[in-house]
Amino acid sequence: MRAVVLSKYGGPEVLEVRDVPRPEPGPGELLVRVMASSANPVEAKIRAAGSWSGIPLPAVLGYDAAGIVESKGAGVTEFSPGDPVYFTPEIFGNAHGTHAEFTVVPAAIVAPHPATTGYIEAAAIPLAGGSAYEAIVRRLAVTAGESVLIHGGAGGVGSYAVQIARAIGARVFATAGPDNQGLLRELGADVAIDYRKDDFAEIIKQQTGGKGVDAAFDTVGGDLISKSVPAVRPFGRLATILGSKLDLSGLYVRNQTLHGIFLTRERARLVALSALVEQGKLRSVIDRVLPLEEVVEAHRRLDGGHGRGKIVFQISSPG
């Protein structure tokens with residue numbers, strides 16, 4: 001089968017698309033024919049210097065997939081060959097990624113494919129959409145009538161976060177570059193902020209009568225969490241999918257809570273995301289669709305700070 005293979009760490013050019021043996025499912029696992037898989041920043045980090053991941057090389061990268069069950073291992077009762085599914089596999093220690101024609105995955109972290117969308121759109125959801133759901137719904141626990149600031153609202157995770165917050169009934173402030181202001185509004189942002197020229201903290205102060213937002217979610221990194229502290233009300237909540245080594249002492253003065261988000265894998269979250277998709281409340285923003293052979297170009301875009309929606313690989317076609 002064709003697969004993206006990482007044999008050594010380095011720049012995008014170290015990735016190779018070549019034939020490798022097809023894996024076989026063990027007990028509790030599914031063998032999935034991957035129809036589509038999306039690119040994520042974590043893959044570029046592993047490619048560059050991923051010894052921290054515990055993944056033995058050579059390895060197949062990829063942590064999102066939508067596809068069709070090909071076969072199943074002993075003990076799997078909830079899926080059958082031919083079932084459309086989607087999932088995000090574990091990262092640490094996992095050498096069987098999704099940038100391949102076939103992959104194996106524990107059935108317990110797989111969910112039925114959303115009924116109203118295609119494989120390309122579904123493949124973009126599990127990791128990015130799951131991270132957004134975890135942050136907005138579970139950790140920040142945003143409720144109707146609250147206000148939330150989302151940094152990087154046009155990106156892979158941020159674009160889902162804006163829609164999820166909107167579906168809840170929150171007032172959404174979102175940041176993006178000048179080219180993506182229209183997209184923010186399409187996704188449901190009440191206030192679109194151009195991070196290149198606007199002071200988001202000042203805008204929020206004006207829009208909230210000086211109170212600040214109830215919650216803030218950072219998908220970009222750098223110093224945004226520390227800069228967001230004054231824009232969040234006392235006793236408010238903040239969350240980030242990226243670490244921060246900056247001074248966060250302002251959190252204590254304002255009695256705020258900071259959540260770090262590293263996605264665990266589970267079926268229930270995917271089922272909840274499917275429901276939002278099927279209700280028309282959540283869609284994928286696709287930057288471009290590429291064949292697997294253009295994985296090097298995809299990683300160059302990831303390294304360059306690609307900031308609009310998701311890059312998706314079309315790996316197989318129905319039929």
Side-chain angles (χ1 to χ4, degrees), residues 1-21 23 34 36-65 88-103 120 123-124 126-128 130-131 151-152 154-159 176-177 179-180 195-196 218-224 240-245 261-263 284-316:
M1 67 171 189
R2 291 181 305 131
V4 173
V5 179
L6 176 69
S7 298
K8 62 180 180 180
Y9 302 123
E13 67 280 354
V14 302
L15 297 172
E16 300 178 89
V17 178
R18 66 178 194 230
D19 287 332
V20 299
V34 180
S37 177
S38 70
N40 292 286
V42 68
E43 292 143 21
K45 294 177 181 178
I46 292 172
R47 183 218 75 228
S51 59
W52 53 268
S53 67
I55 298 172
L57 301 184
V60 176
L61 292 183
Y63 303 103
D64 270 322
T88 174
E90 297 286 354
I91 292 175
F92 291 110
N94 179 19
H96 294 290
T98 60
H99 294 346
E101 291 180 303
F102 293 90
T103 192
I120 296 294
L127 182 51
S131 298
H151 289 294
V157 176
S159 60
D179 294 341
N180 288 320
Y195 74 87
R196 293 187 183 177
D218 172 31
T219 74
V220 178
D223 60 357
L224 281 176
T240 179
I241 57 173
L242 299 159
S244 176
K245 298 179 180 179
I261 309 294
F262 189 90
L263 195 69
S284 297
V285 177
I286 306 299
D287 176 62
R288 60 188 58 195
V289 179
L290 300 174
L292 202 57
E293 286 72 18
E294 293 190 32
V295 65
V296 171
E297 171 60 23
H299 273 244
R300 286 175 179 151
R301 288 181 64 78
L302 292 173
D303 285 353
H306 162 71
R308 182 184 176 96
K310 296 293 296 289
I311 301 169
V312 179
F313 299 112
Q314 182 167 354
I315 298 175
S316 300

At their closest point, which heavy atom of Ala3 faces which heavy atom of Val20, and how far apart are they? CB-CG2, 3.8 Å
How long is the gap from OH on Tyr63 to CG on Asn94, to the nearest 0.5 Å? 6.0 Å
Can you see which heavy atom on Ser38 is nearest to which on Ala123, and at what distance? OG-O, 3.2 Å
Can you find a side-chain donor-acceptor pair between His96 and Thr103 that sits under 3.5 Å? no
Ignoring hydrogens, what is the shortest heavy-atom contact between Ala39 and Leu302? Give both atom names and the distance. CB-CD1, 4.0 Å
dist Glu43:CD -> Leu61:CG (nearest 0.5 Å) comes out at 6.5 Å
Is the closest side-chain heavy-atom distance between Asp19 and Met1 below 4.5 Å? no
Please walk me through it: do Phe313 and Val34 pass side chain to side chain contact (heavy atoms under 4.5 Å, CB included)? CA-CA 10 Å; Phe313 299 112; Val34 180; over 6 Å; no
Value rounded to 0.5 Å, distance of CG in Leu127 from CD1 in Ile91: 6.0 Å
If you look at every heavy atom in Val220 and Leu224, which pair is closest and at what distance? CB-CD1, 3.5 Å
Backbone N or O of Val5 within a donor-acceptor pair of the Glu16 side chain at under 3.5 Å? no
Interatomic distance, Arg18 atom CZ to Ser7 atom OG [nearest 0.5 angstrom]: 4.0 Å
Any donor and acceptor pair, going by atom type alone, linking the side chain of Thr88 with main-chain N or O of Asp64 inside 3.5 Å? no
Show the nearest heavy-atom pair for residues Pro12 and Arg300, with the distance to one decimal. CG-CG, 3.8 Å
Listed once per pair and sorted, the side-chain hydrogen bond (donor to acceptor under 3.5 Å, both in side chains) pairs that draw on residues 44-61, sequence neighbours left out: Arg47-His299, Arg47-Asp303
Euclidean distance, Ser37 OG relative to Lys310 NZ, rounded to 0.5 Å: 8.5 Å
Between CD1 of Ile261 and CD1 of Ile241, what distance do you get to the nearest 0.5 Å? 9.0 Å
Heavy-atom donor-acceptor pair, Arg2 side chain to Ile315 backbone, under 3.5 Å: yes
How close do Ile55 and Gly93 get, counting heavy atoms only, and between which atoms? CG1-N, 3.8 Å
Within the structure provided, determine whether Leu6 and Leu15 are in side-chain contact (heavy-atom separation under 4.5 Å). yes
With heavy-atom distances below 4.5 Å as the criterion, would you say the side chains of Ser159 and Arg308 are in contact? no
Residue set satisfying salt bridge (Lys or Arg N to Asp or Glu O under 4.0 Å) with Arg288, at least two apart, ordered chain then number -> none
